[in-house]
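Beneath this line is the structure, given in structure tokens, with notes to follow.
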Amino acid sequence: MSSSSAITVSLDLMGGDHGPSTVIPGAELALRRHPDLRFVLFGDEAVARSLLDQAPRLKQQSVFHHCELSVRMDDKPSQALRQGRYRSSMWRTLEAVKSGEADVAVSAGNTGALMAMAKFCLRTMANIERPAIAAIWPTLRGESIVLDVGATIGADAQQLIDFSVMGAAMARALFHIERPTVGLLNIGVEEVKGQDEIREAGRLLRVAETQGLDYHGFVEGDDLGKGTVDVVVTEGFTGNVALKTAEGTARQIASYLRAAMERTLLAKLGYLLAKSAFQRLRDKMDPSKVNGGVFLGLNGIVIKSHGGTDAEGIAAAIDLAYAMAKNGLRDKIERDLNGFHLRISDDVAADESEKSA
């Protein structure tokens, strides 16, 4: 099945609202776009086998493993970890990355359960206390990366710095930018504003000579849509609120437009003629349409797809997984983190030496 240049994706067939009926067609779409893809599939054979038989090319490029247990979308993370460890399709999807059978894992399953299992199975990288979830964000300039959008509630200065380094490494891998610009999300751009943790993280990023990123400074909420920087860094509570607000605003505007276009016969005709344009506008504004959140800070790459997405959305998540694995995201993050922590240690040692002198 494998070749030296192929990218192998381990795929949780049972994740999401629709399971194999959406995940298998999505994988088939991704395979058409990336012929060098290989898959390791995990799911309930009774449900998935007949669907896989209808996708002969995917079947040929895949290894299938039967799993007796699936993590439900409403399972609590502790419950999923206790009951699904070693047996569930979600756990075994992650385990394939840990063992080296796959390069990257993709699941549309329960986010909390997936993060809990990923931390337990893959463990966090050296010097990383907590992982982050990075989302691709539509902007006026194109796309940017926002993290954390829900993995870590609250973050100290060091964690915000680690998020900055990891987000910049992802931007280099995805956007092919040599020195991505990074901004810390704050209530103002002035250096005296914001919580102590944010100000301290900003100070350290300013003074550190970081090869892999260009620190822009503080950014505000409206900078997310403007695309002021390539990477926006915040802690998970604020990031998740921003993400849900943007998703809701996109749906709200679409609803306003639809209601306005239905008021008169002429407006209805105009809506029918411009329906595809309005759909593109809504999709462009909605971060959920750019499918695939990346778990950063783990000893392995994990992509979380939206649970309610369609086959095209699953394919988009696999496309992202392919790009991250192909461009060596994990190695970039590890190298950048090691270099940054070494420079910070040297700076601290130099400061202490100057004070003692």
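All values reported here derive from a predicted model rather than from experimental measurement. Both backbone and side-chain heavy atoms feed into the values below; hydrogens, waters and symmetry mates do not. Residue numbers count from 1 along this sequence.
- In summary, the side chains of D12 and T93 do not present any donor paired with an acceptor at a separation below 3.5 Å, with no hydrogens or angles considered.
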inquiry  = For K226 and D222: C-alpha separation, side-chain torsions, deciding distance, then whether salt bridge (Lys or Arg N to Asp or Glu O under 4.0 Å) applies.
reply    = CA-CA 7 Å; K226 291 177 184 177; D222 60 341; 3.3 Å; yes
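- Closest of all the heavy-atom pairs between A317 and I303 is O-CG2, 3.8 Å.
- Take R330 and apply the salt bridge (Lys or Arg N to Asp or Glu O under 4.0 Å) test, not counting sequence neighbours, and it matches E334.
- No more than 12 heavy atoms of other residues, nucleotides or ligands shown are found within 6.0 angstrom of CD on E191.
- In plain terms, the two heavy atoms of G202 and L184 that are nearest each other are N-CD1, 3.5 Å.
- To the nearest 0.5 Å, atoms OG (S164) and CG (L213) are separated by 7.0 Å.
- Here the straight-line distance linking atom CD1 of I24 with atom CD of E28 works out to 9.0 Å at 0.5 Å rounding.
- Counting heavy atoms from C-beta on, the side chains of L296 and I333 come closer than 4.5 Å.
- The ring-ring contact (aromatic ring centres under 6.0 Å, His included) search around F42 returns H65, not counting sequence neighbours.
- For residues 84-95, the salt bridge (Lys or Arg N to Asp or Glu O under 4.0 Å) pairs, not counting sequence neighbours, are E68-R87.
- The side-chain contact (heavy atoms from CB on, under 4.5 Å) search around D17 returns M73, not counting sequence neighbours.
- A continuous path of hydrophobic side-chain contacts links M14 to F64 [ILVMFWY only; heavy atoms under 4.5 Å].
- At distances below 3.5 Å, at least one donor-acceptor pair connects side-chain atoms of N327 with backbone N or O atoms of A323.
- In terms of hydrophobic clustering, with Ile, Leu, Val, Met, Phe, Trp and Tyr side chains grouped at heavy-atom distances under 4.5 Å, L329 and I177 are assigned to a common cluster.
- Side chain of N186 to backbone of K193: a donor-acceptor contact under 3.5 angstrom is found.
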request  = Would you sort out whether N127 and D162 count as a side chain to side chain contact (heavy atoms under 4.5 Å, CB included), showing the intermediate values?
outcome  = CA-CA 9 Å; N127 298 318; D162 290 338; 5.6 Å; no
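- Of all heavy-atom pairs spanning V106 and A321, the tightest one is CG2-CB, 3.6 Å.
- Judged purely by atom type and a 3.5 angstrom limit, T139 uses its side chain to pair as donor or acceptor with the backbone of R141.
- A single hydrophobic cluster is not seen to contain both V241 and V232; linkage of ILVMFWY side chains at heavy-atom distances under 4.5 Å, directly or through other members, places them apart.
- Under the 4.5 Å side-chain criterion, counting only non-hydrogen atoms from C-beta, I301 is not in contact with D103.
- Between the side chain of Q54 and the backbone N or O of L51, no donor-acceptor pair lies under 3.5 Å.
- A ring pair (Phe, Tyr, Trp, His ring centres under 6.0 Å) check over residues 170-207, counting only residues at least two apart or in different chains, returns nothing.
- Side chain of D223 to main chain of T228: no donor-acceptor pair is present (N/O by atom type, distance under 3.5 Å, no hydrogens or angles).
- Remark: F218 pairs with no residue by the ring-ring contact (aromatic ring centres under 6.0 Å, His included) rule, at least two apart or across chains.
- Defined by atom type and a distance below 3.5 Å, a donor-acceptor pair is present between the side-chain atoms of D230 and T181.
- Taken together through direct or relayed side-chain contacts under 4.5 Å among Ile, Leu, Val, Met, Phe, Trp and Tyr, Y86 and L69 form parts of separate hydrophobic clusters.
- Under the 4.5 angstrom side-chain criterion for Ile, Leu, Val, Met, Phe, Trp and Tyr, I187 has no cluster partners at all.
- In this structure, the side chains of T8 and E101 stay at 4.5 Å or more apart for every pair of heavy atoms.
- I128 CD1 to R123 CZ: the interatomic distance, rounded to the nearest 0.5 Å, is 15.5 Å.
- Looking at heavy atoms from C-beta onward, M170 lies in side-chain contact with I136 at the 4.5 angstrom threshold.
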Under 3.5 Å, which donor-acceptor pairs do the side chains of residues 147-155 form with other protein atoms, sequence neighbours left out?
unit_1 : atom_1 : unit_2 : atom_2 : d
D148   : OD1    : I133   : N      : 2.8
D148   : OD1    : G150   : N      : 3.1
D148   : OD1    : A151   : N      : 3.0
D148   : OD2    : A151   : N      : 3.0
D148   : OD2    : T152   : N      : 2.5
T152   : OG1    : P131   : O      : 2.9

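- Pairs engaging residues 304-313 under the salt bridge (Lys or Arg N to Asp or Glu O under 4.0 Å) rule: R33-E312 [sequence neighbours left out].
- To the nearest 0.5 Å, the span separating CD1 on I161 from CZ on R203 amounts to 8.5 Å.
- For S99 (side chain) and A96 (main-chain N/O), a donor-acceptor pair under 3.5 Å exists by modelled atom type.
- In this view, H34 and Y322 satisfy the ring-ring contact (aromatic ring centres under 6.0 Å, His included) rule, not counting sequence neighbours.
- Among pairs with a residue in residues 46-65, those fulfilling salt bridge (Lys or Arg N to Asp or Glu O under 4.0 Å) read E45-R49, D53-K59, at least two apart in sequence or across chains.
- Shown here is K98, whose NZ atom has no more than 12 heavy atoms of other residues, nucleotides or ligands within 6.0 Å.
- Residue pairs satisfying the salt bridge (Lys or Arg N to Asp or Glu O under 4.0 Å) criterion with at least one member in residues 163-172, sequence neighbours excluded, are listed as follows: R172-D336.
- Formation of a donor-acceptor pair under 3.5 Å by the E235 side chain with backbone atoms of F237 is found in this model.
- Considering CG of L160 and CD of Q195, their distance stands at 9.5 Å, rounded to 0.5 Å.
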